[in-house]
Amino acid sequence: METKTSEHAAITSEKIPAVNLKAQYDSIRAEIDAAMRSVLERQAFILGPEVAELEKAVAAKHQCAHAIGCASGSDALLLSLMALGIGEDDHVIAPPFTFFATGGSIARTGAKPVFADIDPRTFNLSPAAVERSLESPKLKGRVKAIMPVHLYGQCADMDELLAIAKRHGLAIVEDAAQAILAHYKGRPAGSVGNTGCFSFFPTKNLGGFGDGGMITTNDGMLAQRLRVLRVHGAAKKYIHSVLGLNSRLDNLQAAILLAKIKHLDEWTRSKREKAATYRQALLRSGLCQPDAVYPSQRYPVALPYAAPDRDHVYHQFTLRVLRRDELALHLKEKGIETTVYYPVPLHVQEAFAYLGGKAGDCPESERSAAEALSIPVFAEITDQQQTRVVDEIKAFYAS
Ligand SMILES: *Cc1c(COP(=O)(O)O)cnc(C)c1O
């Protein structure tokens with residue numbers, strides 16, 4: 001009896017992290033160690049055969065003719081904009097409810113980000129809001145591109161955005177940093193716009209042991225320009241035709257990512273299963289309704305919407321909840337790590353104050369910033385851990 005009680009105590013007090021990179025490493029340690037050792041033995045570290053092989057693998061998975069490795073997802077965005085010739089006096093439309101790099105990359109080129117609000121159901125850029133921005137008289141003819149974000153691993157409304165882009169002659173740079181293997185109506189993320197930008201930041205669905213990124217494209221000219229831009233604009237060594245930057249993917253990272261990408265389908269399938277488990281458990285808990293966009297007093301939790309015509313890869317499983325910060329604190333006290341992506345939308349970030357954005361400009365983004373809470377989802381999370389997460393959410397609203 002006594003052992004049973006203490007075992008039970010051990011289980012309930014066990015910490016549940018937001019992600020568990022150690023568990024993933026443990027599951028394929030031999031493959032990763034061998035891949036790293038082979039690079040170390042060769043002592044060749046920059047843009048080698050592993051990078052080329054990873055580029056091929058990502059291009060194939062995303063049905064793109066080209067993939068270009070670079071130093072980070074942020075650089076993938078910056079390089080894409082540079083390759084498209086976007087710079088000073090240009091404007092690029094992006095959602096404000098995203099990681100800073102989305103807006104930061106635009107501003108880094110000298111162009112101005114124009115923040116258009118999101119669709120509250122998907123958390124992604126609203127095509128209607130993009131249209132409204134394009135109608136603004138002071139932006140007439142000055143917008144050059146749209147940068148939709150496939151937030152949390154679900155693609156934005158690409159058909160609608162493509163139609164707008166076509167009508168106005170705009171490029172589309174997909175911020176697919178969270179969306180490796182995601183699909184939109186059967187088309188892989190990153191194959192729909194002019195370029196797709198991926199991140200291999202350690203906690204992304206395909207994460208390295210440091211920074212890394214990749215750009216996908218079906219445009220041969222853009223691909224060529226991107227390959228030149230990532231090596232300081234040198235098509236030939238020491239001969240610089242344009243101003244580029246140093247943004248390369250390491251062989252060591254590529255070798256690690258090549259070992260991991262073999263498991264990515266399986267990990268993604270597993271994440272989708274975990275998401276389905278959360279959905280069922282949360283619906284059973286009586287905390288939410290199947291189709292509500294917003295939480296309410298009666299139903300304090302709203303499930304993430306998964307559009308039937310796209311494959312969500314659940315980089316995050318993100319709820320909208322009432323009393324978000326209090327719930328996060330309650331879960332933390334119970335050893336459950338949650339994350340708020342993102343607490344401050346870009347249009348009200350200090351770094352973008354010069355753009356003149358203010359609270360109220362993008363109400364759906366602001367509301368999401370106050371309600372969004374990502375709960376632990378990773379391939380190795382157990383049923384028991386997921387049950388505990390849902391039970392603790394229920395306990396919080398019952399109190
Ligand atoms: C992670 C991320 C980036 C940036 O990627 P890094 O590799 O960290 O530079 C850009 N956009 C979004 C939406 C991201 O989640």
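Each ligand, and each atom within it, is numbered from 1 in the order the structure gives. We use all heavy atoms of the structure for the numbers below, so side chains are in, but hydrogens, waters and symmetry mates are not.
- Here the heavy atom of the protein found nearest to atom 13 (C) of ligand 1 is D175 OD2, 3.5 Å.
- With respect to atom 9 (O) of ligand 1, the closest heavy atom belonging to the protein is S74 OG, 2.5 Å.
- Near T98, meaning under 4.0 Å from any of its heavy atoms, are these atoms of ligand 1: 13 (C).
- Both the backbone and the side chain of S72 come within contact range of ligand 1, each with a heavy atom under 4.0 Å.
- A cation-pi arrangement is absent between R272 and Y314 under the rule of less than 6.0 angstrom and at most 45 degrees off the ring axis.
- The two residues R320 and P295 come nearest to each other via the heavy atoms CB-CD, 3.7 Å.
- Ligand 1 has no N or O atom lying under 3.5 Å from any N or O atom of D211, backbone or side chain.
- Of the charged side-chain nitrogens involved, at least one lies within less than 4.0 Å of a carboxylate oxygen, so that R269 and E266 count as a salt-bridged pair.
- Ionic pairing of R388 and E392 is not present here: no N-O contact between side-chain nitrogen and carboxylate oxygen is shorter than 4.0 angstrom.
- The closest approach between K204 and ligand 1 falls below 4.0 Å for a heavy atom of the residue.
- Nearest protein heavy-atom contact of atom 15 (O) of ligand 1 is Q178 NE2, 2.8 Å.
- F378 has its side chain within reach of P17: a pair of non-hydrogen atoms, C-beta onward, lies under 4.5 Å apart.
- Taking a cut-off of under 4.0 Å to the non-hydrogen atoms of V149, the atoms of ligand 1 that pass are 13 (C).
- Counting heavy atoms under 4.0 Å from ligand 1, residue Y342 touches it through the side chain alone.
- The shortest heavy-atom distance from Y152 to ligand 1 is not under 4.0 Å.
- Residue-level proximity to ligand 1 for A101 is carried by the side chain, the only part with a heavy atom below 4.0 angstrom.
- Cluster membership check: I375 shares its hydrophobic cluster with Y397, using side-chain heavy-atom separations under 4.5 Å among Ile, Leu, Val, Met, Phe, Trp and Tyr.
- Cluster membership for L257 and F45, using ILVMFWY side-chain heavy atoms within less than 4.5 angstrom, is shared.
- K22 and D26 are joined by a salt bridge, as a carboxylate oxygen and a charged side-chain nitrogen come within less than 4.0 angstrom of each other.
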